[in-house]
Colleague: 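One structure follows; several queries about it will come next.
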Amino acid sequence: MAAIYSLYIINKSGGLIYYKDYGSSGRMDTNDSLRVASLWHSMHAISQQLSPVSGCAGIELLQADTFDLHCFQSLTGTKFFVVCEPGTQYMETLLKFVYELYTDYVLKNPFYEMEMPIRCELFDINLTQAVQKDRVAFLGR
């Protein structure tokens with residue numbers, strides 16, 4: 001089963017509101033994760049404007065030699081993206097499931113303020129379960 005390296009959630013303004021690193025090597029510090037999120041937000045926005053196809057939603061998959069980056073953008077503009085091993089399957093399904101967790105545990109939390117960093121224990125617990133290797137295979141139903 002392929003590995004997930006990291007997961008990011010970016011608000012509609014391009015601010016990093018959640019970051020979780022699942023890799024054991026090459027961990028990024030906070031500044032690096034902020035830079036990656038900001039860079040991805042900018043590339044995503046530019047790709048929407050430069051696309052020759054009308055109604056383009058931006059980059060959904062970026063494939064490189066050493067990683068794949070899958071992105072899901074909600075209707076509100078919040079972006080969820082995961083960095084994983086090349087060829088990892090079912091990442092779109094996983095990102096939609098992460099979005100469901102976000103709506104269930106973060107947005108329904110009366111103490112959460114929109115566009116602010118996510119600090120929700122139930123979200124973290126359920127996200128960890130969703131990203132486990134056997135759970136990712138289950139999501140590919």
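We're numbering straight along the sequence, starting at 1. Basis for what follows: all heavy atoms, side chains included, without hydrogens, waters or symmetry-related copies.
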Colleague: Quick check for you: to the nearest 0.5 Å, what is the distance between Arg119 atom CZ and Ile17 atom CD1?
Modeller: 10.5 Å
Colleague: In terms of heavy-atom contacts, does CD of Glu60 have more than 12 from other residues, nucleotides or ligands at under 6.0 Å?
Modeller: no
Colleague: Trp40 and side-chain contact (heavy atoms from CB on, under 4.5 Å): which single residue from Leu16, Ile59, Val83 fits?
Modeller: Ile59
Colleague: So which heavy atom on Asn109 is nearest to which on Cys120, and how close?
Modeller: ND2-SG, 4.1 Å
Colleague: Partners of Ile46 by side chain to side chain contact (heavy atoms under 4.5 Å, CB included), sequence neighbours excluded?
Modeller: Leu50
Colleague: Pair Asp104, Asn126 - check side-chain contact (heavy atoms from CB on, under 4.5 Å), show working.
Modeller: CA-CA 10 Å; Asp104 287 343; Asn126 285 284; over 6 Å; no
Colleague: With sequence neighbours left out, which residue pairs that include part of residues 44-54 fulfil the side-chain hydrogen bond (donor to acceptor under 3.5 Å, both in side chains) condition?
Modeller: His44-Gln73
Colleague: Measuring from Met43:CE to Leu69:CG, what's the distance to the nearest 0.5 Å?
Modeller: 8.0 Å
Colleague: Is it true that Tyr5 and Phe67 have ring centroids separated by less than 6.0 Å?
Modeller: no
Colleague: Can you check whether Lys20 reaches Asp124 side chain to side chain, under 4.5 Å on heavy atoms?
Modeller: no
Colleague: Can you label the angle between the Tyr19 ring and the Tyr8 ring as parallel, tilted or perpendicular, going by 30° and 60°?
Modeller: tilted
Colleague: Hey, any chance Val98 and Ile125 share a hydrophobic cluster, counting ILVMFWY side chains that come within less than 4.5 Å of each other, even indirectly?
Modeller: no
Colleague: Look at the rings of Tyr112 and Tyr102 and say which category their plane angle falls in: under 30° parallel, 30 to 60° tilted, over 60° perpendicular.
Modeller: perpendicular
Colleague: Between atom OH of Tyr99 and atom CG of Leu75, what is the distance when rounded to the nearest 0.5 Å?
Modeller: 6.0 Å
Colleague: Side chains of Tyr18 and Leu127: closer than 4.5 Å at any heavy-atom pair?
Modeller: yes
Colleague: Nearest 0.5 Å, please: how far is CG in Asp32 from CG in Leu39?
Modeller: 12.0 Å
Colleague: Which residues pass the side chain to side chain contact (heavy atoms under 4.5 Å, CB included) test with Asp68, sequence neighbours left out?
Modeller: Leu61, Gln63, His70, Cys84, Pro86
Colleague: From Thr76 OG1 over to Leu107 CG, what is the distance, rounded to the nearest 0.5 angstrom?
Modeller: 7.5 Å
Colleague: To the nearest 0.5 angstrom, please state how far the CD atom of Glu92 sits from the CZ atom of Phe97.
Modeller: 16.0 Å
Colleague: Fit a plane to each ring of Phe72 and Phe80, take the angle between them on a 0 to 90° scale, and name the class: parallel (under 30°), tilted (30 to 60°) or perpendicular (over 60°).
Modeller: tilted
Colleague: Would you confirm whether Thr103, through its side chain, and Glu100, through its main-chain N or O, come within 3.5 Å as a donor-acceptor pair?
Modeller: yes
Colleague: Between Leu7 and Val131, is there a side-chain heavy-atom distance shorter than 4.5 Å?
Modeller: no
Colleague: Let me know which of Glu115, His41, Met114 forms a side-chain contact (heavy atoms from CB on, under 4.5 Å) with Lys12.
Modeller: Glu115
Colleague: Can you find a heavy atom in the side chain of Ile10 that is under 4.5 Å from one in the side chain of Phe81?
Modeller: yes
